[in-house]
Protein chains: 2
Amino acid sequence: MRWENLDQEPCSLSRTLSVVGDRWTLIVLRDCFLGVRRFDDFEARLGVTRHVLADRLKKLVNAGVLEKRPYQERPRREEYRLTEKGRDLYPVILSLVHWGDRHMADEAGPPIRHRHRACGAYTRGILTCAECGEELHPHDVEVEESPAWTGQLLPPKKAIDR
Amino acid sequence: MRWENLDQEPCSLSRTLSVVGDRWTLIVLRDCFLGVRRFDDFEARLGVTRHVLADRLKKLVNAGVLEKRPYQERPRREEYRLTEKGRDLYPVILSLVHWGDRHMADEAGPPIRHRHRACGAYTRGILTCAECGEELHPHDVEVEESPAWTGQLLPPKKAIDR
DNA sequence: ACAGGTAAGTTCCGAAACAGAACCTAGGGG
DNA sequence: CCCCTAGGTTCTGTTTCGGAACTTACCTGT
């Protein structure tokens with residue numbers, strides 16, 4: 001399979017990665033959540049080449065994750081802002097950050113702390129069940145085909161049974 | 001900057017992506033959480049070339065996310081299993097899946113449902129504050145440099161202020 | 001009028017990564 | 001002896017990436 005067909009797969013994870021699974025894309029989005037909006041600011045902070053940055057921004061705009069908005073005319077300049085679809089990626093970003101905090105930090109510890117305004121505490125995000133509020137762990141969650149897709153998905157059962 | 005130096009960056013997200021930010025790596029991990037353990041099963045389900053699959057599995061083992069375990073001798077065969085470090089990526093996977101369910105599904109809806117054994121409901125994971133239990137949104141979270149890193153991080157302030 | 005600066009890209013080239021297919025290794029089964 | 005299985009490695013051509021220079025369309029100062 002080629003990477004460019006990933007958005008056709010019957011798998012929400014593959015489809016998500018067809019948008020944000022490229023090299024640099026999630027790092028661009030990290031900076032969006034930090035308030036960066038302009039081309040040259042992205043470039044200065046990211047260390048990515050202008051070529052790749054232009055490509056990633058264009059793809060994110062086409063995917064509806066960012067939108068381009070003029071902030072001045074003559075000369076026309078535009079900035080990039082998260083759409084609601086983009087802001088919905090926040091749990092993804094925060095989960096990735098938290099894993100890095102826990103498993104990839106060096107002696108100095110994680111570089112960034114997150115304070116939750118509502119309760120005032122330094123916090124981390126945890127994944128909880130939208131129905132009962134308990135924390136979700138892999139073995140508490142049973143995966144099943146949704147009825148509309150029955151029989152069209154590749155079952156991993158052979159692998160699980162043995 | 002080159003992609004290979006990403007694990008040195010003072011940013012937990014970059015460091016996480018140095019492990020799982022490659023093309024295909026998160027899709028390999030999706031299958032790990034579905035119970036797939038063997039080389040040929042990954043290949044059949046993923047549609048990735050054997051070359052790339054071998055490379056990703058090796059990198060994940062080196063990163064401590066998967067471990068290789070013999071399941072028979074003569075001929076020796078080994079399977080890949082998630083370590084605890086790997087299982088800690090569950091929130092990342094589930095957040096990506098949920099975003100795809102919401103924003104990338106077609107008319108048939110999302111292909112997979114998740115049932116939470118503890119409460120019996122079909123559920124989704126939401127990101128909540130580990131301290132107060134409220135759902136976390138981008139604007140409720142204030143980012144600050146941790147004391148050990150003060151002054152060593154690139155501030156996005158110029159971008160935020162204007 | 002002209003030099004230099006700014007913001008947001010685009011173009012060009014060599015290096016690295018990827019896709020597809022064939023090949024290899026160490027055994028087992030008929 | 002031939003074919004099969006599991007888990008890879010090698011080979012070849014196409015894409016994508018990294019680094020640097022160039023472009024466009026204005027603005028500012030002299």
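Below, read A as the first sequence line, B as the second, and so on, with proteins coming before strands; counting in each chain starts at 1.
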Using atom [atom1] of [X] as one end and atom [atom2] of [N] as the other, report the distance to the nearest whole Å.
| X | N | atom1 | atom2 | result |
| --- | --- | --- | --- | --- |
| A/Glu78 | C/dG9 | CD | P | 7 Å |
| B/Asp40 | D/dT9 | CG | C1' | 14 Å |
| A/Glu4 | D/dT14 | CD | C1' | 11 Å |
| A/Arg37 | C/dG9 | CZ | C1' | 21 Å |
| A/Glu43 | D/dG19 | CD | P | 11 Å |
| B/Lys58 | C/dA17 | NZ | P | 14 Å |
| A/Arg50 | D/dT23 | CZ | P | 15 Å |
| A/Glu79 | C/dG9 | CD | C1' | 17 Å |

Decide whether B/Leu46 and A/Leu13 are clustered together by the hydrophobic rule: side chain heavy atoms of Ile, Leu, Val, Met, Phe, Trp, Tyr closer than 4.5 Å, transitively. yes
Centre of A/Tyr71's six-membered ring, under 6.0 Å away, within 45 degrees of the axis: is that where NZ or CZ of A/Arg37 sits? no
Does any non-hydrogen side-chain atom of A/Arg115 lie less than 4.5 Å from one of B/Val141? no
Counting only heavy atoms not in A/Glu73 (residues, nucleotides, ligands), do more than 12 fall under 6.0 Å from its CD? yes
Ignoring hydrogens, what is the shortest heavy-atom contact between A/Val97 and B/Ser12? Give both atom names and the distance. O-CB, 3.4 Å
Once hydrogens and angles are ignored, does a donor-acceptor distance under 3.5 Å link the base of C/dA8 to the side chain of A/Arg38? no
Quick check on contacts: within residues 67-76 of chain A, what sits under 4.0 Å from DNA chain D by heavy-atom distance? A/Arg74, A/Pro75
Between B/Leu57 and A/Lys59, whichever has its closest DNA chain D nucleotide further toward 5' is B/Leu57
Any base atoms under 4.0 Å from B/Tyr80, or only sugar-phosphate, or nothing? Heavy atoms, all strands. sugar-phosphate
Assign A/Arg2 to base, sugar-phosphate, or nothing according to its heavy-atom contacts below 4.0 angstrom with the strands shown. sugar-phosphate
The side chain of B/Arg23 is closest to which nucleotide in this list: D/dG7, C/dA8, C/dC18? C/dC18
Given D/dC17, D/dT10, D/dG7, the nucleotide with the shortest approach to the side chain of A/Asp22: D/dC17
So which one's nearest nucleotide on DNA chain C is more toward 5', A/Trp3 or A/His51? A/His51
In terms of the nearest nucleotide of DNA chain C, which residue is placed more toward the 5' end: A/Arg77 or B/Thr49? A/Arg77
Begin with the C-alpha distance, continue with both residues' side-chain angles, and end with the deciding distance and a verdict on salt bridge (Lys or Arg N to Asp or Glu O under 4.0 Å) for B/Arg15 and B/Asp7. CA-CA 4 Å; B/Arg15 291 183 179 196; B/Asp7 59 337; over 6 Å; no
Please state whether the rings of B/Phe33 and B/Tyr90 are parallel, tilted or perpendicular, taking 30° and 60° as the class boundaries. tilted
With a cut-off of less than 4.0 Å, is there a side-chain N or O of B/Trp24 near OP1 or OP2 of C/dA19? yes
Counting only side-chain nitrogens and oxygens, does A/Arg56 get under 4.0 Å of the OP1 or OP2 atom of D/dC17? yes
For the salt bridge (Lys or Arg N to Asp or Glu O under 4.0 Å) test, which of A/Glu131, A/Glu144, A/Glu142 pairs with B/Arg117? A/Glu142
